[in-house]
Amino acid sequence: MTRFLPSPLASAVLLALWLLFNQSVSPAHLIFGGVLALAGPLLLRALDVPVMRVRRPRAIMRLAGAVLVDILRSNMKVTRVILASRPDRTPGFVDIPLRLRAPYGLVTLACIITATPGTSWVSFDAADGTLVIHVLDLADDDDWAAIIRNRYEGLLMEIFE
C-alpha cells in the first residue's frame, strides 16, 4: 500500500485543498485532484526528505507563545518606525552563530524570522552554522543574536533534535 500511496494523509490533504481551491466537486476536479493526490506524495518521496521527529510537544506551545508575543511586539515597533520616519533608523545585517542543525528546526526558524515584521532571513552557512538576518531597525547586533539564541534556538533544539 505504501508503495503506491506513501502518505495517505498528504494525499487526502492535497485532494481536499484542490477541491476547496476550485470550489467544485465536479467529476473532472475529482479526477484531476485524485491524480494530483496520488502523484504528489510519490514525487515528494523522490526528494528523500528526512523523517521529522518531534521530541517535546510542550515546547511547541512555548515556542508558539513566544513567537506570537514577538510578532505583536514587532508589529508595534515597525509601525512606530514607519509613522515616526526617524532619520536615525539603522537597517542592517546581523551574523548569528547557531548550534541548531536539524533541517526542520532551521526551516521553522526561517519561517519565524520571516514572519516577524522588520526581520528577514538572508542566508545560512551550514559549514560554520552562521545565520544572517536583515533587521529594519538595528539597535545592537548582540541583542538580536541573544533573542534568536535564547528565545527560539533552545526551544527548536528541544523540539527537533
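As the structure is a prediction and not an experimental result, all values here were calculated from the model. Hydrogens, waters and symmetry mates are skipped; everything else that's a heavy atom, side chains included, is used.
- Connection of Ile71 to Leu155 is established within a shared hydrophobic cluster, with ILVMFWY side chains joined at heavy-atom distances below 4.5 Å, either directly or through further cluster members.
- Between Leu131 and Ile113, some side-chain heavy-atom pair lies under the 4.5 Å cut-off.
- No continuous path of hydrophobic side-chain contacts links Val107 to Ile133 [ILVMFWY only; heavy atoms under 4.5 Å].
- Nearest heavy-atom pair, His29 versus Ser24, reported as atom, atom and distance to 0.1 Å: CD2-OG, 3.3 Å.
- Shown here for Leu63 and Leu156, the closest heavy-atom pair between the two residues is CD2-CD2, 3.6 Å.
- Minimum heavy-atom separation, Pro97 to Asp95: CD-O, 4.0 Å.
- Listed for the Thr119 side chain is a donor-acceptor partner under 3.5 Å among the backbone atoms of Thr116.
- Scanning both residues, Pro41 and Ser7, for their nearest heavy atoms gives CG-O, 4.2 Å.
- Leu36 forms part of a hydrophobic cluster together with Leu15, Trp18, Leu19, Val25, Leu30, Phe32, judged by ILVMFWY side-chain heavy-atom separations under 4.5 Å.
- With sequence neighbours excluded, no residue forms a salt bridge (charged side-chain N to carboxylate O under 4.0 Å, His left out) with Glu153.
- Applying the side chain to side chain donor-acceptor pair (under 3.5 Å) test to pairs two or more places apart or on separate chains, none has a residue in residues 98-110.
- At a threshold of 4.5 Å between side-chain heavy atoms, the hydrophobic network of Ile, Leu, Val, Met, Phe, Trp and Tyr places Leu9 and Leu38 in two separate groups.
- Connection of Ile147 to Val69 is not established within any shared hydrophobic cluster, with ILVMFWY side chains joined at heavy-atom distances below 4.5 Å, either directly or through further cluster members.
- No side-chain heavy atom of Ile112 sits under 4.5 Å from any side-chain heavy atom of Trp121.
- With a 4.5 Å cut-off on side-chain heavy atoms, Leu98 and Phe124 count as touching.
- Applying the side chain to side chain donor-acceptor pair (under 3.5 Å) rule to pairs touching residues 68-78 yields Asp70-Arg151, Asp70-Tyr152, sequence neighbours excluded.
- Residues passing the salt bridge (charged side-chain N to carboxylate O under 4.0 Å, His left out) test with Arg62, sequence neighbours excluded: Glu158.
- Counted by atom type alone, Thr130 and Asp128 present one or more donor-acceptor pairs between their side chains at under 3.5 Å.
- For Ser123, the side-chain contact (heavy atoms from CB on, under 4.5 Å) criterion is met by Val132, not counting sequence neighbours.
- For the pair Glu161 and Leu100, the minimum side-chain heavy-atom distance is below 4.5 Å.
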